[in-house]
Amino acid sequence: MTPIIEVTDLKKHYPVRKGLLRRQVGTVFAVDGVSFSINEGETLGLVGESGCGKSTVARTVLRLIEPSGGSIMLDGRDINALSRSEMRPVRREMQIIFQDPFSSLNPRMRAGAIVGEVLEVHGLTRGQETKARVAELFQQVGLRPAQMANFPHQFSGGQRQRICIARALALNPKLIVCDEPVSALDVSIQAQVINLMMDLQRDKKLSYLFITHDLAVVEHISHRVAVMYLGRIVEYADKRTLFTNPLHPYTEALLSAVPVPNPRLKRTKRILQGDVPSPMRPPSGCPFHTRCPYVMERCKVDVPRLQKIAPGHLVSCHKHEA
Amino acid sequence: MAGESYTAELNKAGANISGFFGEAGFLARQYPLGAIGAVILTLFVFAAIFADFITRFDPLSTNAAMSLAKPGGEHILGADFMGRDVYSRLVYGARISLAVSLTATAIGSVLGVAIGLTAGYLGGWVDLLTQRVTDIMQALPLLVLALVMSASLGPSLQTTIIAISIPLVPYSARVIRSNTLALREMAMVEAAKAVGMSEWRIAIRHVLPNTIAPLIVLATAQLGSTILTEASLSFLGLGVPEPYPSWGRMLSESAAEYIRTAPWLVIFPGVVISLVVFGTNLLGDALRDILDPRQRG
């Protein structure tokens with residue numbers, strides 16, 4: 001099976017400029033060599049704490065931010081090499097859903113117009129045809145077609161996220177990048193929205209790049225999971241392997257921080273010490289060595305490579321190197 | 001598939017209030033103050049258009065016998081030093097004063113929007129350049145700038161309008177720019193980019209409509225001040241040339257000399273100017289709410 005999207009060695013570096021002459025005084029390594037691939041109908045969960053570069057990955061994959069390096073193969077075509085106008089038709093293949101459903105909808109447009117505009121910009125439908133198609137999309141995401149006449153402020157957070165989903169679906173994309181689509185919603189609504197997204201995936205063979213910091217959500221929706229730390233992927237495995245047999249010490253710490261709804265269960269918690277280092281001055285060697293409980297001398301010097309430990313299980317840690 | 005059912009539901013939801021009068025009546029009930037403002041302004045506009053039919057005297061004809069005639073009698077609102085009918089001059093003055101203030105504000109706002117939107121949305125050197133020019137313009141008082149401009153262009157109706165409108169540009173440009181800067185970073189702009197919309201479309205359809213509310217407030221405030229700027233310019237001989245009546249000049253010419261002896265020469269133009277400014281403020285307030293869907297519930 002060829003993947004829908006294959007990202008290789010994606011980089012996004014921001015120059016830091018200071019002073020009158022705008023001299024470059026440093027670089028923020030927001031994303032530093034991220035590789036992954038997603039197959040048709042598959043969900044890749046991308047997890048990591050705030051500031052690790054998850055959202056930058058989402059935006060560079062869609063070329064909303066220009067990548068500093070790497071390749072993004074969409075259906076066997078490197079879209080990183082395309083010009084702005086060449087990108088336009090490609091944008092039909094991939095869409096995005098944002099975290100904040102309040103700022104992602106134009107408050108002055110009716111919900112139906114927000115979704116319909118997408119169709120008309122790409123010249124897919126016109127006039128009454130657009131209305132009918134939007135009505136259909138509204139039903140698919142569990143909204144009433146009559147709600148097309150309402151303005152965004154008349155919807156709840158969950159409903160707004162449904163409008164965003166309808167807008168993303170309008171162009172029949174193959175890939176939808178979901179940038180924390182449920183973290184702004186109530187837990188009960190989260191489940192509804194996630195189940196809707198899973199139903200749509202099954203019906204339309206959609207692929208998701210699902211970005212979140214909520215491991216419970218990842219466990220529910222993903223097929224495979226990539227764990228990010230400081231702009232790099234540190235562990236990459238299918239969901240079951242990752243949740244039952246985490247190998248990277250950072251993944252271990254993340255998993256032990258997930259609350260378990262059983263107060264009697266005694267667990268060994270690994271609470272990480274210290275803060276995430278600055279992506280402007282990443283630590284030498286392994287970026288995680290400043291907080292790692294198993295740190296060795298070697299970790300401070302050598303950068304570990306992402307290596308295959310078992311089929312479909314990649315880890316970047318000296319402890320697990322053969 | 002859902003063809004009929006959703007249009008039926010749409011109508012039930014009241015989204016399709018049809019016809020201009022249906023909509024206007026609905027809005028008037030929702031915003032009575034705004035309706036009052038609209039009525040005041042409409043009255044003045046009608047007076048300006050139909051001035052020939054609602055006045056008995058030529059606003060320019062002088063009559064020494066009627067010099068400083070009191071209100072009442074033949075001249076309803078009295079006559080000025082040269083015996084010209086104050087009422088006629090006010091009605092005909094509406095033409096000039098409204099034309100000057102409405103066009104000047106409109107020109108100022110349109111230019112300001114164009115500059116502010118481009119500067120805020122594009123950023124970079126475009127922003128830097130326009131902002132520094134704006135700084136320079138704002139460093140000079142409005143009236144001084146208008147004075148310099150009309151003095152160099154020579155007095156006429158057109159130059160008065162230009163002289164008054166250009167100094168207004170920096171204010172609306174600033175307001176629009178600051179709003180655009182904030183809106184540009186919102187997810188809705190990113191979503192539009194992800195869909196592949198052109199920068200033009202994003203700026204016009206998604207950013208601009210969300211910057212309108214503060215602009216309307218500003219424009220209504222400017223409408224009043226343009227009448228006064230025009231008055232000052234005319235008083236200094238740089239605005240609308242004599243003998244054409246302008247409210248501002250009627251007020252400023254008579255204020256010093258006749259406030260004690262013939263107060264009607266001061267009071268009536270003052271009342272008219274205040275009414276127009278008041279009316280535009282009421283209407284502007286309502287418009288701001290009407291144009292913001294969040295306020296409509």
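Within every chain, numbering begins at 1; the chains are lettered A, B, ... in the order of the sequence lines, protein sequences first and strands thereafter.
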(message) With a strict 4.5 Å heavy-atom criterion, list every residue of residues 173-195 of chain B that contacts chain A, or say none.
(response) B:Met186, B:Ala187, B:Met188, B:Glu190, B:Ala191, B:Lys193, B:Ala194, B:Val195

(request) Let me know if A:Arg63 has heavy atoms under 4.5 Å from chain B in its side chain, its backbone, both or neither. (result) neither

(request) Evaluate the side-chain proximity of B:Phe44 to B:Val272: yes if any heavy-atom separation is below 4.5 Å, no if none is. (result) yes

(message) Just verifying a value: how many Å separate A:Leu46 CG and A:Leu209 CG, rounded to the nearest 0.5 Å?
(response) 6.0 Å

(request) Only counting residues at least two apart or in another chain, list the ones meeting salt bridge (Lys or Arg N to Asp or Glu O under 4.0 Å) with A:Asp186. (result) none

(request) Answer yes or no: does atom CZ of B:Arg132 have more than 12 heavy-atom neighbours from other residues, nucleotides or ligands under 6.0 Å? (result) yes

(message) Any non-hydrogen side-chain atom of B:Arg205 less than 4.5 Å from a side-chain atom of B:Met197?
(response) no

(message) To the closest 0.5 Å, what do you measure between OG (A:Ser71) and CG (A:Asp78)?
(response) 5.0 Å

(message) What residues of residues 89-97 of chain A make heavy-atom contacts with chain B at a cutoff under 4.5 angstrom?
(response) A:Arg91, A:Met94, A:Gln95, A:Ile96

(request) With rounding to the nearest 0.5 Å, note down the distance linking CG in B:Asn281 to CD1 in B:Ile40. (result) 10.5 Å

(message) Are B:Leu218 and B:Thr220 packed together at the side-chain level, in the sense that at least one heavy-atom pair is separated by less than 4.5 angstrom?
(response) no

(request) State the CG-OH distance between B:Leu287 and B:Tyr31, to the nearest 0.5 angstrom. (result) 10.0 Å

(request) Select one option (side chain, backbone, both, neither) describing which atoms of A:Leu64 are under 4.5 Å from chain B's heavy atoms. (result) side chain

(request) Kindly state each residue pair satisfying side-chain hydrogen bond (donor to acceptor under 3.5 Å, both in side chains) with at least one member in residues 114-124 of chain A, sequence neighbours excluded. (result) A:Glu117-B:Arg201, A:Glu117-B:His206, A:Glu120-A:Thr130

(message) Under 4.5 Å from any heavy atom of chain B, what part of A:Val121 do you find: side chain, backbone, both or neither?
(response) side chain

(request) May I ask you to check whether A:Gln201 and A:Thr43 show a side-chain donor-acceptor distance below 3.5 Å? (result) yes

